[in-house]
Amino acid sequence: MPTITINGVECEFTKGQMILQVARASGVAIPSYCFHEGLSIVASCRICLGEALAPNPRNGGKLEPFMGGKLFPTCQTPAAEGMVVNTDSPKAVANQKAVMEYLLINHPLDCPVCDQAGECTLQDFSQQYGRGESRFEEQKVKQPKKDVGERILLYSDRCILCTQCVRFTREVTGTDELYINGRGNKEEIDVFPGLGLDNPLASNVIDLCPVGALLDKDFLFTQRVWFLKRTPSIDGITASGDNIWIEHNEGGVYRIKPRENAAVNKWWITDEVRYGWKHIHAENRLRSPMCREHGALVESSYSRAYGDAIAGLRKAAAGGKRVALLVSPNLTCEEAYALGTLAKLIDPQAVFGLGPVPRVGEDRVFPPQLSGDDPKAFTMYAEKAPNARGVQRVLGAIGQMVLDAEAFFARMKEPDIGAIIATGNYREDWAAPGVLGAIDREPREGADGRFVVLIDTHGSALIDHADVVIPGATWAEKAGTFESARKMLQAFEQAIPVIELAKTEGQIALDLIAEFHGEGGEEGMAAHRAQVVIVDEQPGQVPMAVEVAAPRARLFEAGEIRAEMADRYPGLGAFVSEVAVPEVEVGAVDGVEMVDL
Ligand code: SF4
Ligand code: FES
């Protein structure tokens with residue numbers, strides 16, 4: 001591989017890479033504002049300039065000053081074999097100081113109230129490459145604040161005119177809403193008259209903006225970024241498989257950001273994925289199990305809910321009736337496996353179905369002139385569930401035909417169905433008339449009533465159709481694997497704890513398996529059975545014991561379940577060999593010592 005030396009570090013590169021790209025890939029720091037791997041190169045900010053020596057082939061390969069010894073933009077100059085580049089020479093450093101001074105002339109000193117503080121490259125580079133004090137004594141030019149879109153504010157006086165936002169709307173979305181208005185120190189970013197920055201990928205400009213000029217209305221003033229922790233995850237809203245970071249603090253999600261993956265979403269996500277997490281903290285989350293008592297649903301303990309559920313399912317199977325399992329396309333592959341195993345345990349001929357897969361319109365490709373197969377294109381998927389393919393793959397492999405939702409609901413009308421385990425976990429109310437007509441405990445013409453176990457995250461009319469209700473968990477509260485529309489298996493981590501007394505559907509399935517086997521049950525999924533008790537001690541009061549989790553198999557650990565799936569079913573070997581597992585980020589910053597307070 002050819003090599004180049006940058007700031008004394010020998011770096012390998014591939015032909016066509018720019019010097020700045022090579023430096024980044026090799027961990028050599030060069031400041032930059034206008035360069036982005038996903039956008040055209042304009043070399044306008046001038047902070048990345050360096051000087052170099054390059055071998056002259058007409059002089060026996062002797063190193064000679066490149067470009068006559070002038071500074072040149074490293075973001076726009078391809079790396080060449082044997083080149084020696086310096087962005088830490090006195091000349092390059094003097095340029096960095098000059099650029100920083102120029103950028104800060106009209107920049108307001110409002111870092112304490114700026115949302116970008118803590119993740120602002122102007123702040124960082126000012127400290128690393130700036131002069132340390134301002135020589136500017138005149139009045140700063142004041143630019144207006146603008147409401148440029150449904151979710152985006154523009155604080156123009158913080159803008160450093162890197163033009164990344166303008167290039168994004170021209171080159172990635174092809175929607176062209178933004179332009180530069182004015183000349184000289186009056187230049188400002190603006191939306192074309194009559195347009196709003198409202199395209200489906202618009203909020204990526206917030207991530208692109210290196211300063212606090214483009215701000216997220218949804219996140220504005222909600223949290224200081226240094227309090228946020230981030231967990232690698234996968235889009236849990238659509239079938240895109242887009243790689244994301246879930247940013248959270250103290251059990252609450254605050255925002256979602258794209259996680260770079262060149263093979264999937266590159267650097268971008270849709271606004272739908274970015275803001276589609278509000279249901280996690282919705283008021284109507286189910287927070288406690290419920291059982292029927294004298295015909296009415298009442299909150300219950302887990303041991304009661306599990307006991308009733310298994311008794312009802314067992315009774316149906318013992319009476320020669322079928323147990324039906326509806327697995328939501330919002331659940332993980334590991335959960336589909338655990339639920340399928342549970343249903344087959346109770347009734348080896350259980351009926352399997354895939355829950356309704358919501359679709360909105362057609363897939364959309366950005367920019368519109370490209371086809372979806374073009375490596376430069378970004379696709380927004382019409383399918384609004386993350387794992388329909390994964391659920392189908394897993395249930396199919398463990399030995400049953402998997403009915404689609406329509407066929408499953410039709411099948412539920414037949415008299416041999418004695419019990420239903422239904423899972424929801426939809427972002428929106430999924431209790432449509434067709435669902436309510438099929439998942440129902442009431443006796444119907446020519447058939448007895450059925451026993452219904454509902455495992456769901458949000459309250460809906462379906463609750464009144466169930467005998468036992470168990471609260472499940474959203475994707476941010478669990479780890480697992482989704483299979484995207486591109487048929488990629490991607491694992492993700494749990495970002496926040498499960499709310500209150502809810503549990504992940506995978507854990508519920510393992511607990512129910514343990515309940516089925518009973519005390520001292522079989523090995524395998526029910527190897528361990530434990531009572532978990534939390535003692536809630538309040539000052540001045542008698543300690544009160546609250547049972548939060550009854551018989552339990554073992555902790556649901558997604559990685560272990562994947563290994564078990566591959567081991568038990570050869571058709572599921574891909575869950576060991578093909579799953580892309582995200583790297584866990586190490587939070588430490590060089591030179592910063594973390595202390596426990
Ligand atoms: S608003 Fe931000 S991204 Fe756009 S040109 Fe200004 S600094 Fe760059
Ligand atoms: S990053 Fe090179 S000129 Fe802006």
Side-chain angles (χ1 to χ4, degrees), residues 6 17-24 28-52 67 70-79 85 87 92 95-96 98-100 102-108 110 114-116 119-126 128-129 141 143-149 151-173 176-182 185-192 197 201-217 267-268:
I6 308 173
Q17 272 188 306
M18 300 298 146
I19 294 170
L20 179 62
Q21 280 177 300
V22 179
R24 280 186 182 179
V28 179
I30 297 181
S32 67
Y33 283 121
C34 65
F35 179 80
H36 190 283
E37 304 249 359
L39 302 173
S40 60
I41 301 172
V42 290
S44 61
C45 76
R46 315 307 282 178
I47 199 167
C48 73
L49 305 196
E51 55 182 337
M67 302 264 293
K70 288 185 189 150
L71 291 172
F72 64 91
T74 56
C75 64
Q76 205 182 32
T77 309
V85 181
T87 61
N95 171 68
Q96 288 156 6
V99 170
M100 284 312 302
Y102 162 75
L103 290 177
L104 290 168
I105 279 179
N106 285 309
H107 194 85
D110 62 353
C114 176
D115 241 30
Q116 191 86 359
E119 55 181 5
C120 173
T121 39
L122 199 62
Q123 261 185 348
D124 295 346
F125 292 172
S126 174
Q128 291 168 33
Y129 305 101
V141 173
Q143 301 264 25
K145 293 185 176 68
K146 296 173 196 164
D147 192 344
V148 291
R151 301 182 185 279
I152 305 165
L153 287 175
L154 171 63
Y155 281 42
S156 297
D157 52 8
R158 293 180 187 157
C159 171
I160 59 167
L161 286 166
C162 71
T163 71
Q164 288 194 62
C165 55
V166 178
R167 281 176 280 149
F168 177 82
T169 61
R170 290 187 184 164
E171 297 163 15
V172 179
T173 59
D176 290 285
E177 296 98 337
L178 295 176
Y179 74 114
I180 300 175
N181 188 18
N185 68 358
K186 297 285 167 55
E187 273 187 348
E188 57 183 283
I189 300 293
D190 212 340
V191 277
F192 277 106
L197 187 49
L201 278 86
S203 296
N204 288 290
V205 298
I206 299 164
D207 307 332
L208 284 173
C209 187
V211 298
L214 287 164
L215 293 172
D216 187 341
K217 288 183 193 173
W267 301 267
W268 328 119

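Atoms within a ligand are numbered from 1 in the order they appear, just like the ligands themselves. All values reported here derive from a predicted model rather than from experimental measurement.
- Under a 4.0 Å criterion applied to the non-hydrogen atoms of I189, ligand 1 contributes the atoms 5 (S).
- Every atom of ligand 1 is numbered from 1 in the order shown, and the set under 4.0 Å from a heavy atom of I160 is 6 (Fe), 7 (S).
- Protein contacts to atom 2 (Fe) of ligand 2 involving N, O or S atoms at a distance below 2.8 Å are C48 SG, C75 SG.
- Q17 places no side-chain N or O within 3.5 Å of a backbone atom of P78 that could act as its donor or acceptor partner.
- At a 4.0 Å heavy-atom cut-off, ligand 1 touches C165 through backbone and side chain alike.
- Atom OG of residue S156 and atom CD of residue E187 lie 12.0 Å apart, to the nearest 0.5 angstrom.
- If you number the atoms of ligand 1 from 1 as listed, the ones under 4.0 Å from a heavy atom of V211 come out as 7 (S).
- To the nearest 0.5 angstrom, C159 atom SG is 10.0 Å from L103 atom CG.
- Residue, atom and distance of the protein heavy atom nearest to atom 8 (Fe) of ligand 1 are C162 SG, 2.3 Å.
- Those atoms of ligand 1 that come under 4.0 Å of a heavy atom in L214, given as number and element, are 1 (S), 4 (Fe).
- Between the side chain of K217 and the backbone N or O of D147, no donor-acceptor pair lies under 3.5 Å.
- Between D110 and R158 there is a salt bridge, since at least one side-chain N of the basic residue sits less than 4.0 Å from a carboxylate O of the acidic one.
- Within the coordination shell of atom 4 (Fe) of ligand 1, defined by N, O or S atoms under 2.8 Å, C159 is absent.
- Listed by atom number, the atoms of ligand 1 under 4.0 Å from T163 heavy atoms are 5 (S), 8 (Fe).
- Rounded to the nearest 0.5 angstrom, Q21 CD and I30 CD1 are separated by 11.0 Å.
- Heavy-atom separations between L161 and ligand 1 include at least one value shorter than 4.0 Å.
- Using bins of under 30°, 30° to 60° and over 60° for the plane-to-plane angle, the ring pair W268/H36 lands in the parallel bin.
- The only member of V85, V22, L49 that meets side chain to side chain contact (heavy atoms under 4.5 Å, CB included) when paired with T74 is V85.
- Contacts between L178 and ligand 1 below 4.0 angstrom, taking non-hydrogen atoms only, are absent altogether.
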Verdict with supporting geometry, R151 and D216, salt bridge (Lys or Arg N to Asp or Glu O under 4.0 Å): CA-CA 6 Å; R151 301 182 185 279; D216 187 341; over 6 Å; no

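- For atom 2 (Fe) of ligand 1, the nearest non-hydrogen atom of the protein is C209 SG, 2.4 Å.
- Looking at S32 and R24, their side chains do bring a donor and an acceptor atom within 3.5 Å of each other.
- In this structure a side-chain-to-backbone donor-acceptor pair under 3.5 Å is present from Q96 to T87.
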